[in-house]
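Single-structure report; data block below.
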Amino acid sequence: MNILLIGSGGRENALAWKMAQSHQCDEIFIAPGNPGTAEFGTNLPIDINAFDALKKAAIEHQIEMIVVGPEEPLVKGIYDFFNDDPLTAHINIIGPSAKAAQLEGSKAFSKHFMQRHQIPTASYAEFTLENYEQGLAYISAHALPIVLKADGLAAGKGVIIATTHQEALTSFKEMLQDKQFGAASDKVVIEQFLEGIEVSVFALTDGTNYKIIGHAKDYKRIGEGDTGLNTGGMGCVSPVPFMDAAFMAKVNAQIVEPTIKGIQQEGLVYKGFVFFGLMNCQGEPYVIEYNCRLGDPETEVILPRLQTDLVSLLAAADNGTLEDVNIQYHEQFFATVMAVSGGYPGSYQKNFPIQGIELAQKLPDSLVFQAGTGFQENTIVTKGGRVLTVTSQGKDLQQAVQKAQKALSTIQFEGMYFRKDIGYEFA
Ligand code: AMP
Ligand code: GLY
């Protein structure tokens with residue numbers, strides 16, 4: 001079959017790499033893709049939110065499956081757009097309906113959902129301009145640190161962890177009164193701070209059945225030892241040593257199963273990936289957030305670790321046979337290390353030529369996935385903050401990380417930076 005993949009990051013490069021291995025896959029088209037995805041298919045210069053242009057391309061290229069990488073088109077209703085149109089209703093769209101995507105698109109929606117289904121999460125309250133004064137009082141009486149979240153999508157910047165009441169009150173005002181994130185902060189969720197270790201769990205569901213397809217630990221801070229500003233993710237490891245059978249059984253029973261049951265009971269149309277952002281609080285899992293897509297860079301470790309054919313898995317989610325699929329993992333350990341532009345996550349320069357990608361790709365046990373890259377006169381240049389990632393496998397996490405760093409040392413671009421301590425707690 002022909003597949004249309006939507007997105008242009010390292011996640012999409014990993015998805016294209018994995019899907020291209022399937023005997024069920026004929027051609028892959030990527031909108032808009034990057035030089036890395038172009039190795040596995042045809043990039044189409046179409047924006048991820050240009051639904052009409054995507055529809056035209058889907059018809060022209062006889063697409064039978066659409067895999068949506070990022071959350072924005074999902075929250076904007078790409079599933080419904082294709083599903084409601086007789087010309088495209090036959091296409092297997094991997095991604096939830098707009099209503100179900102509110103699990104990521106609205107923090108308040110997801111908190112209500114968790115409350116309705118008794119899914120463990122931080123205690124919370126929500127405020128708008130209408131109960132602003134109550135919000136101020138709530139914050140002032142709340143234990144520290146305190147977490148403030150803009151309700152809507154805010155490009156990963158809508159969460160503030162305040163260590164003083166003054167900081168929290170200022171953020172609260174900025175979000176609600178100054179409309180810091182536009183309509184996304186018309187409502188603010190205020191949450192208890194959960195202390196623990198974060199881990200991401202990924203499932204594929206058809207709205208009734210589900211399969212766990214992997215898990216990973218993401219390193220979000222720019223600096224070594226988890227210091228400095230938050231980023232989109234600087235590296236990941238999988239499997240995570242504390243995700244043993246006993247902990248996974250709790251995650252399944254207390255979180256994944258009730259979530260999928262809740263989706264089914266509420267009649268939410270959901271065929272796609274569920275990303276459970278969890279906190280392991282002294283052995284007990286809590287949900288920090290749901291995302292309605294795969295993570296980036298989590299995808300870059302979970303897909304190389306997954307042995308099962310991905311296209312067959314996605315087809316099974318469409319034809320009601322997900323329950324019969326056997327999920328298999330490679331026995332080795334995987335790590336991905338992200339190389340970023342100097343200055344990221346603050347301001348940075350672009351368009352620097354990148355050398356050494358081909359050399360790194362030739363190393364055993366390592367894969368290069370491109371993220372913020374582009375072509376400039378047949379040369380691959382930097383186009384974003386997170387530029388590329390190397391995923392390596394080894395007999396343990398330490399060896400996997402070492403191999404990824406070695407492969408990265410063959411790659412150069414001006415200002416290139418990567419963390420050398422990914423997986424440090426497990427060394
Ligand atoms: P989110 O945008 O919901 O992923 O939040 C961004 C990050 O903020 C998460 O990955 C966590 O590291 C942190 N975070 C969010 N909510 C909480 C919480 N209730 N307690 C502790 N950390 C949190
Ligand atoms: N790496 C976190 C995310 O994709 O949201």
Side-chain angles (χ1 to χ4, degrees), residues 7 9-12 14-15 68-72 74-75 101 103-111 114 119-126 142-163 168 171 175 181 184-185 188-202 214-222 226-238 273-282 284-303 336-338 340 345 369 371 385-386 389 419 422:
R11 168 182 50 210
E12 286 73 26
L15 279 162
V68 187
E71 64 279 12
E72 204 186 336
L74 291 165
V75 173
L103 284 171
E104 172 163 5
S106 164
K107 304 277 187 204
F109 180 94
S110 75
K111 294 299 272 190
M114 286 184 255
I119 295 164
T121 187
S123 62
Y124 79 104
E126 59 183 74
H142 200 287
L144 294 170
I146 179 169
V147 184
L148 277 78
K149 298 184 173 183
D151 178 53
L153 292 185
K157 298 194 166 52
V159 176
I160 307 288
I161 297 173
T163 50
S171 293
M175 286 195 195
F181 301 107
S185 59
V188 173
V189 166
I190 297 181
E191 239 181 52
Q192 165 203 13
F193 178 79
L194 294 173
E195 184 91 53
I197 311 175
E198 266 185 271
V199 65
S200 311
V201 170
F202 297 89
H215 72 260
K217 182 173 189 306
D218 179 16
Y219 292 78
K220 286 205 165 89
R221 303 294 191 101
I222 187 72
D226 294 328
T227 53
L229 292 175
N230 250 323
T231 71
M234 295 296 291
C236 276
V237 296
S238 182
F273 300 108
V274 192
F275 169 159
F276 299 85
L278 306 181
M279 192 70 90
N280 175 355
C281 301
Q282 296 180 328
E284 294 304 318
Y286 287 79
V287 177
I288 294 218
E289 61 169 350
Y290 291 119
N291 294 312
C292 59
R293 53 171 173 87
L294 291 178
D296 193 352
E298 288 92 336
T299 307
E300 291 95 302
V301 284
I302 67 162
L303 292 186
T336 197
V337 179
M338 184 69 77
V340 303
F369 295 124
R386 294 195 297 171
T389 184
R419 269 180 67 169
I422 298 303

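Whatever order the structure lists ligands and atoms in, that order sets their numbers, starting from 1.
Under 4.0 angstrom from ligand 2, the non-hydrogen atoms of R293 all belong to its side chain. Contacts between V147 and ligand 1, counted as non-hydrogen atom pairs separated by less than 4.0 Å, involve the side chain only. Contacts with ligand 1 closer than 4.0 Å are made by no heavy atom of E195, backbone or side chain. Of the heavy atoms in E298, only side-chain atoms (C-beta onward) come closer than 4.0 Å to ligand 2.
Ring centers of F275 and Y290: at least 6.0 Å apart, outside the cut-off.
Between M175 atom CE and S171 atom OG the span is 5.5 Å, to the nearest 0.5 Å. Distance check, rounded to the nearest 0.5 Å: SG of C292 to CG of L74 gives 5.0 Å. Rounding to the nearest 0.5 Å gives a distance of 12.5 Å between CZ of F181 and CG of D151. Note: I422 CD1 to Y219 OH = 6.5 Å, rounded to the nearest 0.5 Å. Rounding to the nearest 0.5 Å places OH of Y286 at 7.5 Å from CD of Q192.
Salt bridge absent: E289 and K149 never bring a charged side-chain N and a carboxylate O closer than 4.0 Å. A salt bridge is defined here as a Lys NZ or Arg NE, NH1 or NH2 lying under 4.0 Å from an Asp or Glu carboxylate O, and E126 with K111 fails to meet this definition.
Proximity to E289 (heavy-atom distance under 4.0 Å) selects the following atoms of ligand 1: 1 (P), 2 (O), 3 (O), 4 (O). Each of the atoms 3 (O), 15 (C), 16 (N) of ligand 1 lies under 4.0 Å from some heavy atom of K149. Near M279, the atoms of ligand 1 lying under 4.0 angstrom from a non-hydrogen atom of the residue are 21 (C), 22 (N). When each atom of ligand 1 is checked for a heavy atom of K220 under 4.0 Å away, the hits are 10 (O).
Distances from ligand 2 to the non-hydrogen atoms of G295 include at least one value under 4.0 Å.
Considering backbone and side-chain N/O of I161, none are found under 3.5 Å from N/O of ligand 1. Backbone and side-chain nitrogen or oxygen atoms of K220 are examined, and none is located within less than 3.5 angstrom of a nitrogen or oxygen of ligand 2. Residue-to-ligand polar distances keep N230 apart from ligand 1: every N/O pair is separated by 3.5 Å or more. The N/O atoms of G233, backbone and side chain alike, include none that comes under 3.5 Å of an N/O atom in ligand 2. Considering backbone and side-chain atoms together, R11 places no N or O closer than 3.5 Å to any N or O of ligand 2.
Here the protein heavy atom with the shortest distance to atom 19 (N) of ligand 1 is E191 OE1, 2.6 Å. Ranking the protein heavy atoms by distance from atom 2 (O) of ligand 1 puts V159 CG2, 3.2 Å first.
Taking the side chain as every heavy atom from C-beta outward, N230 and K157 never approach each other to under 4.5 Å.
In this structure, of K157, Q192, E198, K107, the residue bringing a heavy atom nearest to atom 9 (C) of ligand 1 is E198.
Side-chain contact of E298 with S200: a donor-acceptor pair under 3.5 Å is present, judged by distance alone.
Distances from atom 7 (C) of ligand 1 to the protein include no heavy-atom value under 4.0 Å.
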